[in-house]
Amino acid sequence: MRFEPFVALRYLAASRRRTHVALIAKISILGLALGVAALIVSLALLEGFQDRIRRQMLDRAHLRISPARGARLADADRVRDALARVPGASGVRAVIEGRGWASDSAGTAAMPVRYRNAPGLDDAAGPTARVNASVSLRIHSGEGEVIRLMSSRIRLSPIGPIPVAVDARVAKVTLTGAMDKTPEVEVSEATARSLTGELTGADAYEARLADPGKADQAAAVVRAALGDAYRVQTWRELNAPLAFALRLEKAVIFVTVALVILVAALNIVSNIALTVVEKKRDLGVFTAMGATPTSVERIYLTLGAVIGITGTAAGVAFGVGLSLLLERYHLVPLPSQVYLVTHVPFAVYPGEVAAVAAFALVTAIGAALLPARAAARLAPGEAIRLSR
Amino acid sequence: MLAVQAENLSKTYTGEGAPVTVFSGLSFELEEGVFAAIMGPSGVGKSTLLHLLGGIDRADSGRVEVFGESLEELSPRDRARFRNERIGFVFQFHHLLPEFTALENVAFPDRIAGLAPRDAERRAEALLARVGLAERGHHSARALSGGEQQRVAIARALARNPNLLLADEPTGNLDAAAAQTVFALLRELHAERRMTTILVTHNPELAQRCDRLFTMSREGITPSIRLPERG
């Protein structure tokens with residue numbers, strides 16, 4: 001072992017027997033470990049929720065073709081054929097959507113909604129609908145109850161123009177997901193066409209892909225086939241504002257929680273500065289024996305590195321361990337009536353853990369630089385003279 | 001050839017209070033191979049002079065040459081290397097590092113020079129044996145008696161086989177018997193290794209046993225007194 005780490009490690013080992021230095025060194029390591037653990041757990045929590053959101057994004061359509069101008073597709077069959085020819089595409093379906101009002105059967109509570117057609121609804125015994133929880137709550141209508149959906153379209157009746165309306169039985173109340181921007185009602189294609197009056201054609205076409213990661217390539221194929229009259233969007237583009245918000249959220253959390261690591265770094269500065277003062281005489285003696293200022297600086301940088309490595313390793317072990325335990329045993333439950341998930345999810349990504357560890361290490365060693373440079377500048381003669 | 005040549009040295013300490021001028025216009029020289037003593041009352045700058053000669057402090061003005069090398073002209077790195085290779089220090093309070101064993105303390109100069117730990121410790125063992133402490137190598141420095149600590153400090157100062165040994169009151173903290181032992185050891189090692197040795201002491205009896213005696217006072221340092229050969 002080189003001279004500098006040999007001295008630094010012995011100082012740390014010996015300082016355990018000296019209570020005040022030992023306490024401050026332990027506090028430095030503990031502070032750094034807590035900061036690292038806090039950052040890892042925070043990011044794991046964020047990733048846990050964001051994973052769910054990403055999964056929700058992928059549960060929906062991966063490609064959407066809508067008209068570049070206007071509300072309806074000019075040539076729906078051509079769009080459908082173009083989508084069907086995309087390698088790996090499945091579930092190609094027409095989208096019919098519109099806006100209207102939903103109310104309970106008595107018409108006492110109503111609210112504006114967006115409706116769209118969705119597969120899996122059985123209209124054999126009359127129109128059915130899936131409503132999300134916020135709609136169900138506002139119009140006081142649960143599963144099995146009948147709601148009235150009114151279109152913004154009107155028709156003429158013997159008593160004059162009245163809105164087109166459909167009474168539908170609530171087949172299912174879905175929990176409000178992170179992706180739901182507005183209150184939404186899903187109905188069968190026939191009901192949607194009835195409400196919009198679009199008996200043929202479609203407002204848009206959607207498809208799913210076998211590999212959502214290749215959405216950009218698939219979009220390029222469709223764009224080449226259809227030209228500029230159509231707007232081709234991948235699931236990434238459809239969710240771009242949300243994806244940006246998720247990235248921003250992660251950056252803000254990182255910066256905020258990283259402040260704990262910076263506070264721990266200040267503690268390292270004071271710890272090493274204290275050791276420099278305590279070992280001032282030793283510095284003088286080392287210099288008298290021929291140690292260069294660089295050597296003296298290295299002793300204290302090694303101290304910082306040891307504190308940094310120990311604190312970071314402890315923090316990584318604690319943070320990763322805690323996150324995995326919380327995820328494995330679902331230790332933070334959530335009421336399933338309110339949330340889409342039954343527990344607070346945690347997801348640990350090695351790349352993020354490595355980034356946190358690197359940040360903590362660089363900060364710790366950077367913190368040691370200041371007192372280490374001060375130690376290297378100490379006049380050895382003065383250090384010996386004053387420590388008699 | 002001159003081992004040490006100092007010309008017109010001035011040194012003032014500027015601390016929190018008023019500046020204290022330790023000496024001004026001090027000149028000193030010593031030939032190679034001489035065992036010299038410097039005496040004088042406390043506060044006249046004997047230790048400061050040793051620090052300036054050893055290059056661990058810098059004079060405000062004047063110049064110091066050691067074996068023809070001007071210390072002022074060396075970079076901090078080269079000055080450190082020069083100290084490591086050619087100068088050994090023994091301090092009044094031994095200044096052994098308490099976290100390390102006697103052996104590790106003695107091995108430090110070699111380790112600073114870049115020797116492998118095993119080689120440095122092997123050389124340190126031989127030095128400890130030479131100062132009569134072969135059995136005490138693995139004891140903590142703080143577990144040794146005052147005389148033993150000072151002998152370890154002497155062994156450490158000799159680790160790099162220096163040409164110049166600067167000893168700042170090495171017996172000042174010891175009882176009479178231990179002081180005699182340490183002084184005798186210094187004389188033996190001086191002769192064995194053909195070093196130049198400068199010993200600061202308050203003990204006139206020991207000073208009389210050196211080759212030369214310098215006396216420092218507020219007015220400066222007296223010309224060298226060549227003492228008669230003992231024997």
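Below, chain A is the first sequence line, B the second, and so on; all start at residue 1.
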Counting C-beta onward and ignoring hydrogens, is there a side-chain heavy-atom pair between [X] and [Y] closer than 4.5 Å?
X: Met289(A); Y: Arg156(B); answer: yes
X: Glu99(B); Y: Leu12(A); answer: no
X: Phe93(B); Y: Arg281(A); answer: no

Under a 4.5 Å heavy-atom cut-off, does chain A meet the side chain of [X], its backbone, both or neither?
X: Pro109(B); result: both
X: Leu52(B); result: neither
X: Phe91(B); result: side chain
X: Glu85(B); result: neither

*Selection from Glu104(B), Arg79(B), Arg81(B), Arg58(B) maximising heavy-atom pairs under 4.5 Å formed with chain A*: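 Highest number of heavy-atom pairs under 4.5 Å: Glu104(B).
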
Can you tell me if [X] has over 12 outside heavy atoms packed within less than 6.0 Å of its [atom1]?
X: Arg193(B); atom1: CZ; value: yes
X: Arg55(A); atom1: CZ; value: yes
X: Phe67(B); atom1: CZ; value: yes
X: Arg118(B); atom1: CZ; value: yes

*Can you tell me how far CG of Asp110(B) sits from CZ of Phe3(A), rounded to the nearest 0.5 angstrom?*
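Reported to 0.5 Å precision, the distance equals 12.0 Å.
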
*asked:* Let me confirm one number: the CZ-OG distance from Arg77(B) to Ser295(A), rounded to the nearest 0.5 Å.
replied: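 So the gap between those two atoms works out to 8.0 Å.
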
*Give the ring-plane orientation class for Phe108(B) versus Phe286(A), where under 30° counts as parallel, over 60° as perpendicular and anything between as tilted.*
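Plane angle over 60°, so perpendicular.
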
*asked:* Tell me the closest heavy-atom pair linking Ala80(B) and Ala291(A), and the distance in Å.
replied: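 Smallest interatomic distance, heavy atoms only, reads CB-O, 3.8 Å.
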
*Heavy-atom proximity to chain B below 4.5 Å, by part of Thr287(A)*: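 Both backbone and side chain of Thr287(A) come within 4.5 Å of chain B.
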
